[in-house]
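In what follows, chains are A, B, ... by sequence order, proteins preceding strands, each numbered from 1.
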Amino acid sequence: MDLNKLADALIPDDDLQPPAYYEEKYPPRAMKKGAEVTRLAPSPTGFMHLGNLYVALANERIAHGSGGVLYLRIEDTDSKRKVEGAVDVIQSSLRYFGIDFDEGAEIGGEYGPYYQQQRAKIYRAYAKELIRRGRAYPCFCTEEELAAVREKQTENKLLPGYYGEFAKCRDLSEAEIYQNLAANKPYVIRFRSEGDVEKKSVFHDEIKGEITVTENNQDVVILKSDGIPTYHFAHVIDDHLMRTTLVIRGEEWLASLPIHIELFKALGFRMPRYGHNCSIQKIDETDGTRRKLSKRKDPEASLVFYREEGYHPLAVRIYLMTLLNSNFEEWHLKFPDKPVEEFRFSIAKMGKSGALFDLDKLNDVSKDVLARLSAGEMADFLQTWAEGYGTAEQQSWLTDRDYLLQVLALCMGVGAKKRRKDFVTAKQAADVISYFFRAEENPAFRADGETVKAVLQNFMAVYDPADDNAAWFDKLKKVAGALGFASDMKAYKAAPENYRGNVSDVAEIVRVALTGRANTPDLCTIMRILGAEECRRRVAGVVANV
RNA sequence: GGCCCCGUGGUCAAGAGGUUAAGACACCACCCUUUCACGGUGGUAUCAUGGGUUCGAUUCCCGUCGGGGUCACCA
């Protein structure tokens with residue numbers, strides 16, 4: 001069979017460059033030893049998964065930690081999944097969490113274009129070359145035919161797929177091929193595999209270590225009927241031509257590694273190194289089993305979730321780093337103020353087994369991150385969050401910057417010996433500080449109405465905003481004593497039956513009346529921030545209703 | 001089902017042929033304290049299982065079990 005003629009018939013494009021042209025156009029990168037070229041290659045589906053960020057962080061740290069390059073390639077070969085504006089979503093969400101690319105889509109670079117759709121000619125050139133060499137052939141099978149074969153294979157407990165005797169179009173005669181072409185039958189281009197599933201070999205995975213791979217024997221599709229390549233083919237060509245040195249990707253790709261290995265070999269490309277990263281999982285409530293975080297079932301699977309909730313990007317970053325590198329957490333505990341970039345990220349320290357997503361742990365990390373912010377930084381963070389996701393009311397709270405800073409300084413314990421860790425997320429923080437901006441609707445007291453009224457009236461009668469903390473508390477104790485509450489905790493503990501309660505019960509009444517909640521930072525300071533007038537108004541409201 | 005990956009407390013995990021099997025989160029108790037938070041002290045809890053190698057295996061080997069992934073003209 002005249003393979004050159006076949007190649008021309010199958011891929012008639014007259015504007016293709018020979019493979020050698022691309023080899024020269026995209027030469028190996030001049031980089032210092034040890035520098036890694038890594039990439040992120042998401043599909044523009046408009047949805048960004050936590051797993052995307054997870055693997056992005058690993059690639060980013062490896063590239064930048066080694067003085068290498070991180071680039072963004074858009075895998076838009078499936079037109080059915082493509083969503084308008086998805087590339088913006090990818091870039092903006094990754095940037096929010098601190099992933100910056102050196103080259104790639106929308107940034108450009110010497111190894112572009114970085115959209116696979118724009119690289120169609122390149123793939124076709126290599127596919128044509130494979131046809132000429134007899135390593136690729138046209139397949140005219142319809143979807144129905146393939147499905148029927150698969151069904152039969154499954155029935156007979158055979159390996160499903162297009163291989164060996166089941167590869168009907170593999171050895172079509174020249175006449176049959178041209179007949180089909182003349183009849184305008186749609187066709188795909190398949191790779192002619194020479195592998196044998198009985199043969200296994202050891203492969204070194206940068207994360208998993210020594211793994212065994214079974215040879216591929218599938219004649220996989222490399223060019224779909226629309227002339228666009230499949231993932232497998234595009235991956236091999238792109239990562240070769242873009243001179244990727246290390247591919248860190250999800251372990252769901254492990255199963256197709258044999259295909260990639262054979263394609264690299266057939267094309268005569270040197271393979272990049274691979275690291276297959278485990279995925280973030282969660283326990284399914286319905287059956288108690290582990291599974292990947294699901295886009296459909298788990299809101300926390302989406303990167304949008306963390307922005308809506310107002311998680312600080314650094315918190316998410318630190319949390320993911322603790323999952324990614326087992327010694328990161330200890331390092332971070334030791335040097336809490338050092339930027340993450342200073343940590344020596346190592347592929348060797350990446351875990352082999354999938355980790356369960358732990359919101360408690362993330363929350364704990366978040367508290368620490370927020371507690372290290374200055375009041376000004378926290379105010380900025382809150383404002384940015386509120387502009388995007390807060391209610392109109394919450395936005396209005398933040399307009400008086402000076403007032404806000406006073407509130408934050410108190411709630412964060414700025415200036416105190418130890419910082420408070422009340423804030424977890426921006427959303428939760430907004431809720432925590434709400435009482436500074438509006439009185440609570442129906443404060444719930446544990447004490448009876450008469451007692452509440454007496455405590456509030458007595459205390460407000462002597463309250464003086466000019467008092468310092470000690471004087472303020474002295475007055476509270478006097479009120480407590482006058483009403484039969486113990487003003488001295490030790491005395492109370494010695495003989496609680498002699499009292500109606502103690503000074504903390506009295507403080508609680510004032511606290512609840514003013515803030516609507518039983519737990520707040522220092523009450524005296526809260527009253528100072530609210531102002532005497534506002535305090536009196538709130539107390540009056542409570543006394544009238546109780 | 002075939003193939004592949006994984007298996008140390010509830011979670012993330014360090015670890016090495018011999019350890020009292022680190023640490024963090026969560027949980028519990030106590031202390032501090034006008035409440036809460038912070039902080040401090042202490043505590044509960046782990047090597048999936050069977051066999052082999054070995055003086056000794058949680059660690060090395062094999063089987064079993066369990067969990068996960070994958071078997072598209074999707075990535």
- Message: Any base atoms under 4.0 Å from A:K477, or only sugar-phosphate, or nothing? Heavy atoms, all strands.
- Response: nothing
- Task: Indicate, with a heavy-atom threshold strictly under 4.0 Å, whether A:T520 touches base, sugar-phosphate, or nothing.
- Result: base
- Task: Give A:N469 one of three labels, base, sugar-phosphate or nothing, depending on what nucleic acid heavy atoms sit under 4.0 Å from its own.
- Result: base
- Message: Nearest to the side chain of A:N519, heavy atoms from C-beta on, is which of B:rC36, B:rA75, B:rG67?
- Response: B:rC36
- Query: Starting at CG of A:N327 and ending at P of B:rC12, how long is that distance when rounded to a whole Å?
  - Reply: 17 Å
- 5'-most contact on RNA chain B: A:T77 or A:R419, nearest heavy atom basis? A:R419
- If you take atom types as modelled and just measure distance, does the side chain of A:R420 reach the base of B:rC36 with a donor-acceptor pair under 3.5 Å? yes
- Query: Would you say the side chain of A:H332 lies within less than 4.5 Å of the side chain of A:V365, judging by non-hydrogen atoms?
  - Reply: no
- Contact class for A:V221 (heavy atom, under 4.0 Å): base, sugar-phosphate, or nothing? sugar-phosphate
- Name the nucleic acid region contacted by A:L333, choosing base, sugar-phosphate or nothing; use a 4.0 angstrom heavy-atom cut-off, strictly under. sugar-phosphate
- Which is true for A:Q218 with a 4.0 Å heavy-atom rule: it touches a base, it touches only sugar-phosphate, or it touches nothing? nothing
- Query: A:T214 near the nucleic acid: base, sugar-phosphate alone, or nothing, with a heavy-atom cut-off under 4.0 Å?
  - Reply: sugar-phosphate
- Note on the structure: From the candidates B:rG68, B:rC74, B:rG23, the one with an atom nearest any side-chain atom of A:Q281 is B:rG68
- Dot-bracket encoding of pairs in RNA chain B, which uses [ ] for pseudoknotted crossings and | for another strand, Watson-Crick or G-U under 3.5 angstrom: (((((((..(((.....[....))).(((((.......)))))....(((((..]....))))))))))))....
- Item | Intermediate values then yes/no, side-chain hydrogen bond (donor to acceptor under 3.5 Å, both in side chains), A:T244 and A:Y71 | CA-CA 9 Å; A:T244 307; A:Y71 70 87; 2.7 Å; yes
- Task: Give one of base, sugar-phosphate or nothing for A:E508, where a contact means two heavy atoms less than 4.0 Å apart.
- Result: nothing
- Query: Reckon A:K157 touches a base, only the sugar-phosphate, or nothing at all at heavy-atom distances under 4.0 Å?
  - Reply: nothing
- Note on the structure: So the side-chain hydrogen bond (donor to acceptor under 3.5 Å, both in side chains) pairs with at least one residue in residues 148-168 of chain A (sequence neighbours excluded) are none
- Assign A:N502 to base, sugar-phosphate, or nothing according to its heavy-atom contacts below 4.0 angstrom with the strands shown. nothing
- Remember a base hit wins even if backbone is also touched, and classify A:R249 as base, sugar-phosphate or nothing at under 4.0 Å, heavy atoms. nothing
- Note on the structure: Between A:I74 and A:A105, the two heavy atoms sitting closest are CG1-CB, 3.5 Å
- Message: Applying a 4.0 Å non-hydrogen cut-off, can you work out what A:R150 is touching in the nucleic acid: base, sugar-phosphate, or nothing?
- Response: sugar-phosphate
Pairs: protein N or O with nucleotides 5-11 of chain B N or O, under 3.5 Å:
| from | atom 1 | to | atom 2 | distance (Å) |
| --- | --- | --- | --- | --- |
| B:rC5 | OP1 | A:T212 | N | 3.3 |
| B:rC5 | O2' | A:K208 | NZ | 2.9 |

- Query: Taking A:T520 as the fixed residue, which of A:I433, A:T515, A:D422, A:V512 is the one that meets the side chain to side chain contact (heavy atoms under 4.5 Å, CB included) rule?
  - Reply: A:T515
- Message: Using a 4.0 Å heavy-atom cut-off, does A:K349 contact any base of the nucleic acid, only the sugar-phosphate backbone, or nothing at all?
- Response: sugar-phosphate
